[in-house]
There are 2 protein chains.
Amino acid sequence: MGIAERKLRQKEEMRTAILEAAWQLVLADGWQSLSIRKIAEAIEYSVPVIYHHFENKDAILLEFTRQGFQQLTQEVEEACQKESDVASQLEAMAQAYWNFAFNHQEYYQLMFGLGIPTCETVNRVAEMKSFSHMVVEVLRRAIARSSHPEVDPWLKFHTYWSILHGLVSIQMISKQAIVDPRNQPVLQDAVSGFVKLLQS
Amino acid sequence: MGIAERKLRQKEEMRTAILEAAWQLVLADGWQSLSIRKIAEAIEYSVPVIYHHFENKDAILLEFTRQGFQQLTQEVEEACQKESDVASQLEAMAQAYWNFAFNHQEYYQLMFGLGIPTCETVNRVAEMKSFSHMVVEVLRRAIARSSHPEVDPWLKFHTYWSILHGLVSIQMISKQAIVDPRNQPVLQDAVSGFVKLLQS
DNA sequence: ATACTCCGTTAACACTGTTATAAAATATAA
DNA sequence: TTATATTTTATAACAGTGTTAACGGAGTAT
């Protein structure tokens, strides 16, 4: 009875065909414009067949999210194994993480739910510049008082902001719960570390 | 001729009515489910009137983004002014930033294009746990070799990951450009600072 | 009173995810 | 081989979405 086997094989082929077509569409036009109908047209089948292989559109996206995390883990791990001492490992891993994010932007944006307001959108928001400016001034004073007054305050601002934004978004993703602001050891850990280093 | 003034006033009132209705809808059901038709129904006008006040849906969202950055700047600045020395200022500002993000999650998510995969979605991705586990193991070794072996590796992981994610997403938002991985002073700055502190 | 400019409407276009229903193709049993 | 049962595929619809063209009516200006 090779019939059942053939059917299973065909089912698997169809599944990967859907994923491959979807991926091509994403590479061409981004996540925002991906649609079930476009996938159906690409694989030259009608729309409902897709629903025989995936419960809904989110299931397709979830599949890619999984693939993304697999690949991220693999690349970071490889970078780690190329180094011997722990400090170099952590730095190499950070670099690998960064490389993954920008070499596979589509993956990264999906994995972390980044709608990505385009560069134009951001530049239109003058209010963002006020914010940057305000924080930079504080950092400038801190740097002036430190033992390394040549440090670039904009570099430090970028770092400071990134730490804050990273803390917030990772927290938002991992826990929906409302958090007591007075109980944030991670925030304390990261910020006090940053400040200590700034003043050293 | 008070007529022209009255018309201008009415136009302004309509504009704020649209924004207020939109805001209520967002508070009730989130950004994802906000639609022009729902706004129209809420203000008891037909759909096209909205297009007389805003070019399109994005223009409405942009308005809220602006408001968000204004409010964020204000709250962070107030927190800054309550402190005297720079270190306390930077820490208070970080706390204010954090508070803003979680007290006005809708604003924050819009401002940074966070689609926010829900907690359930994230938990379904087992691959995320592999990643976490892998990194935690490296941190555990680093902590064991440091002079503070009692430090929680999961706390440090959370910090490490947040720094990386923050760097990446801020970079993705502010510059569309493809970046040369060998030229990332901010990444160097943040990660080497983290590692130094970890080993101290 | 006539012409004209707004303001607001209805109705449509071109999409989206999802699904009920019907038909065609295939597999099984007689 | 024929007839029945099963699975696979397609058509067409539902309920939404953003956006806009076309039309009506009220208020203003000449």
Side-chain angles (χ1 to χ4, degrees), chain A residues 1-19 21-26 28-65 110 113 115 117-118 120-121, chain B residues 1-19 21-26 28-65 110 113 115 117-118 120-121:
Chain A
M1 271 302 141
I3 290 171
E5 291 177 6
R6 191 209 63 204
K7 280 191 179 175
L8 227 91
R9 199 171 58 239
Q10 283 180 341
K11 193 148 191 158
E12 194 58 37
E13 277 169 15
M14 176 72 85
R15 199 187 134 91
T16 64
I18 291 171
L19 290 173
W23 186 242
Q24 287 308 315
L25 289 167
V26 167
D29 305 316
W31 291 111
Q32 309 284 4
S33 99
L34 178 66
S35 83
I36 299 282
R37 280 178 170 81
K38 284 182 190 168
I39 299 174
E41 194 181 15
I43 62 174
E44 294 178 303
Y45 277 87
S46 70
V47 168
V49 305
I50 294 176
Y51 286 89
H52 284 143
H53 297 268
F54 295 94
E55 196 185 342
N56 52 29
K57 193 182 174 181
D58 281 347
I60 298 177
L61 300 184
L62 194 66
E63 186 61 37
F64 284 114
T65 303
L110 178 68
T118 66
E120 306 105 63
T121 308
Chain B
M1 269 302 143
I3 291 172
E5 291 177 5
R6 189 210 63 203
K7 282 191 178 175
L8 228 90
R9 200 172 56 239
Q10 284 180 341
K11 192 150 190 155
E12 194 58 37
E13 278 170 12
M14 177 70 86
R15 200 187 133 89
T16 63
I18 291 171
L19 290 173
W23 187 242
Q24 288 308 316
L25 288 168
V26 167
D29 305 317
W31 292 110
Q32 309 283 4
S33 100
L34 179 66
S35 83
I36 300 283
R37 280 178 170 82
K38 284 182 190 168
I39 299 175
E41 193 181 14
I43 62 175
E44 294 178 304
Y45 277 87
S46 70
V47 168
V49 304
I50 294 175
Y51 286 89
H52 285 147
H53 298 268
F54 295 94
E55 196 185 341
N56 50 30
K57 193 182 173 180
D58 280 349
I60 299 177
L61 301 184
L62 194 66
E63 185 61 37
F64 284 115
T65 303
L110 178 69
T118 63
E120 305 105 63
T121 307

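Numbers restart at 1 for each chain; the letters A, B, ... are given by sequence-line order, proteins then strands.
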Ranking D/dT19, C/dT16, D/dT9 by distance to the side chain of B/I36, first place goes to D/dT19

Please tabulate the protein-to-nucleotide N/O contacts below 3.5 Å involving nucleotides 10-12 of chain C, giving atom names and distances.
| unit_1 | atom_1 | unit_2 | atom_2 | d |
| --- | --- | --- | --- | --- |
| C/dA12 | N6 | B/R37 | NH2 | 3.4 |

Where B/A17 and B/I43 come nearest, the two heavy atoms and their spacing: O-CG2, 3.7 Å

Walk me through whether B/E12 and B/T16 qualify under side-chain contact (heavy atoms from CB on, under 4.5 Å). CA-CA 6 Å; B/E12 194 58 37; B/T16 63; 4.2 Å; yes

Min side-chain heavy-atom separation A/I36-A/Y51 under 4.5 Å: yes

Minimum heavy-atom separation for A/A22 to A/L34, with atom names? O-CD1, 3.9 Å

Rounding to 10 degrees, work out the angle separating the end axes of the helix from C/dT9-D/dA22 to C/dA30-D/dT1 (five pairs an end). 40°

So which atom in B/A42 and which in B/A21 form the shortest heavy-atom distance, rounded to 0.1 Å? CB-CB, 3.9 Å

Which part of the nucleic acid does A/K11 contact within heavy-atom distance under 4.0 Å: base, sugar-phosphate only, or nothing? nothing

Is any side-chain heavy atom of A/L61 closer than 4.5 Å to a side-chain heavy atom of A/W31? yes

Evaluate the side-chain proximity of B/I60 to B/L19: yes if any heavy-atom separation is below 4.5 Å, no if none is. yes

Going by heavy atoms closer than 4.0 Å, what residues in residues 50-60 of chain A are next to DNA chain D? A/H52

Please indicate whether A/Q10 has more than 12 foreign heavy atoms, meaning atoms of other residues, nucleotides or ligands, lying under 6.0 Å from its CD. yes

Let me know the distance between CD of A/Q32 and P of D/dG18, rounded to the nearest Å. 14 Å

Exercise: identify the closest heavy-atom pair between B/H53 and B/R15: O-NH1, 4.0 Å

